[in-house]
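Chain A is the first sequence line, chain B the second, and so forth, proteins listed ahead of strands; every chain is numbered from 1.
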Protein chains: 2
Amino acid sequence: MHETSTTPRLDALKVACSACNLRELCLPVGLSDEELTSLDNMIGTRRAVRRGESLFHAGETFAALYAVRTGFFKTIVSASDGREQVTGFQMAGELLGLDGISTDRHSCDAIALEDSQVCMIPYGQLETLSREFTLLQHQFHKIMSREIVRDHGVMLLLGSMRAEERLAAFLLNLTQRLQARGFSPSALVLRMTREEIGSYLGLKLETVSRTFSKFQDDGLLEVKQRDIRILDQAALQQVVNAANC
Amino acid sequence: MHETSTTPRLDALKVACSACNLRELCLPVGLSDEELTSLDNMIGTRRAVRRGESLFHAGETFAALYAVRTGFFKTIVSASDGREQVTGFQMAGELLGLDGISTDRHSCDAIALEDSQVCMIPYGQLETLSREFTLLQHQFHKIMSREIVRDHGVMLLLGSMRAEERLAAFLLNLTQRLQARGFSPSALVLRMTREEIGSYLGLKLETVSRTFSKFQDDGLLEVKQRDIRILDQAALQQVVNAANC
DNA sequence: CGCTCGATTGAACAGTATCAACTTATGTGG
DNA sequence: CCACATAAGTTGATACTGTTCAATCGAGCG
């Protein structure tokens, strides 16, 4: 809790896309040097968000997108009666805030699940710049489209998979994204609680816990709280594919 | 099956956005006359799709978006094991194909639920034109963002609502969209089967049927096959809101 | 007119939720 | 640094919602 005294203040620091090791996963994919320089000028400040704090809340005015630089987020939508649904987990290189474009207000909350840093992308400037640079425009559209495709995959999961299939698919998706970022495909540390996993997967936390235990009993995983080791990835994939049998 | 001989061939017909009664619901929202003219030049042909036919299939090369001009569509994603999930129903003024931008291939099937017409929007030309016209660019981004927000709402529905709440929310959403198109808010004709509704809502067709019957018994609806009359909209809204009680 | 597809309804069953007890971490203040 | 308080996770027993299987009915179409 005394991190402010031990870590540098990043809030006001500029960070260059051109020097960022995430540039091949993030908005700048495929840009030329000239375009990268323009992006560098646009992307204003880096912002630190501590664990448990929000990057934005539903209802707040939308002004910028955020690229996760380090850390881990969840997004949640809330119903009028207070029910909450986790709609996604975002890691380094992924964009937050796309929901805000439609009404100029955010429609979900973005909460950091660990101490994180994001790059702020002022939306008006992104529109301006993407009128100038075809590749940036196209990459931005791809990112929005990818989010739509991802959401449709979650609908498939929520609408037609059983608990074990959901959790297996979730774990495989996580490891795949972590692997793309250079992490081990077989060992991961969950940044979210059982309840948050359950919310995302449309299950209760007890069901998530039981399913973890079952996977462990079956020799697919080694589960120590939030430390997960995947012992049999092929079998996990089988769980997802094994449908109407 | 012999409609080609009784209806005019529309495939080659141009249709002007500027003269379209859907222009306030569709891509041209808020455009100037000059922009409208450019849109008119871009939007190539109208295409007729008969009931049961597909506009595009998952895996096909993506080249254009489609605006529904008349009729009704469903989109479905398929898992490797053959399971299908309806991800949306699209009516006049709504855009189809946004999923294709992310990988240059469609990731879902779009199937007409009744004889329909769509306007083809070549995607490359849309990108070009939206670099020229700020309002068009912004409107397009809004439409993509709106799809993301809608998807998150469906996740909330699938992840945390019970059968009655899901069906009530579905009916209210349908009537709201129909009302925006000038139709009655209390009478509607479903264009989809119970099975398709069930797929969209993550329920089996029997559950959908039973829930319709229950709503009818409770005096909320009058159900005659696919003809639905909403007798008590407020009560239907209550069903959605009544959560953890 | 008969066939097929879609819709309804009933009865038994399965999967997940709920409630509750207990254990294990995490974090706070003395 | 320890003790306590709180949060997170596990596990069991039971309840309930929705599924599955099956029979029947009705509407639309050739």
(request) May I have the distance from A:Lys204 (atom NZ) to D:dT10 (atom P), rounded to whole angstrom? (result) 17 Å

(request) Just call it for B:Thr207: base, sugar-phosphate, or nothing, with non-hydrogen atoms closer than 4.0 Å on any strand. (result) base

(message) When you measure from the side chain of A:Arg177 to the backbone of A:Asn173, do you find a donor-acceptor pair of N or O atoms at a distance under 3.5 Å?
(response) no

(request) Side chain of A:Ser209 only, please: which of C:dT9, D:dT10, C:dT16 is the nearest? (result) D:dT10

(message) C:dT8, OP1 or OP2 - any side-chain N/O from B:Arg226 closer than 4.0 Å?
(response) no

(message) Nearest whole Å is fine: how far is C:dG6 C1' from B:Glu196 CD?
(response) 11 Å

(request) Starting from C1' on D:dA23, measure out to CD on B:Glu206 and report it in whole angstrom. (result) 12 Å

(message) Can you work out whether A:Val208 or B:Arg194 has the more 5'-proximal nearest nucleotide on DNA chain C?
(response) B:Arg194

(request) Could you tell me whether A:Thr193 contacts a base, only the sugar-phosphate backbone, or nothing, with contacts defined as non-hydrogen atoms closer than 4.0 Å? (result) sugar-phosphate

(request) Starting from P on C:dT8, measure out to CG on B:Asp227 and report it in whole angstrom. (result) 12 Å

(message) What contact category does A:Leu205 fall into here, base, sugar-phosphate, or nothing, at under 4.0 angstrom with non-hydrogen atoms?
(response) base

(message) Does A:Gly202 reach a base, just sugar-phosphate, or nothing at all? Heavy atoms under 4.0 Å.
(response) sugar-phosphate

(request) Look at the side chain of A:Arg51 and decide which nucleotide, out of D:dT11, C:dG27, C:dT9, has an atom nearest to it. (result) C:dG27

(request) Indicate, yes or no, whether a donor-acceptor pair under 3.5 Å links the base of C:dC5 to the side chain of B:Glu195. (result) no

(message) Closest approach to the side chain of A:Ala163, judged atom by atom: which nucleotide of C:dT8, C:dT16, C:dA20 is it?
(response) C:dT16

(request) Taking atom types as modelled, find out whether B:Asn241 and A:Ser80 have a side-chain donor-acceptor pair closer than 3.5 angstrom. (result) yes

(request) Using atom types as modelled and distance alone, determine if a side-chain donor or acceptor of B:Arg166 lies under 3.5 Å from a backbone N or O of B:Leu201. (result) yes

(message) From CZ of B:Arg162 over to C1' of D:dC16, roughly how many Å is that when rounded to an integer?
(response) 10 Å

(message) Do B:Arg105 and B:Thr61 have side chains that approach each other closer than 4.5 Å (heavy atoms only, starting at C-beta)?
(response) yes

(request) Taking the side chain as every heavy atom from C-beta outward, state whether A:Leu158 and B:Met155 have any pair of such atoms under 4.5 Å apart. (result) yes

(request) Report which part of the nucleic acid A:Ser213 touches: base, sugar-phosphate, or nothing (heavy-atom distance under 4.0 Å, all strands). (result) sugar-phosphate

(request) Could you check how far CE of B:Met161 sits from P of C:dA17, rounded to whole Å? (result) 16 Å

(request) Starting at atom CD of A:Gln225, determine the distance to atom P of C:dG27, rounded to an integer number of angstrom. (result) 13 Å

(message) Rounded to whole Å, how long is the line connecting atom CD1 of A:Ile197 with atom P of D:dA8?
(response) 13 Å

(request) For C:dG15, take OP1 and OP2 only and decide whether either is under 4.0 Å from a side-chain N or O of A:Arg210. (result) no

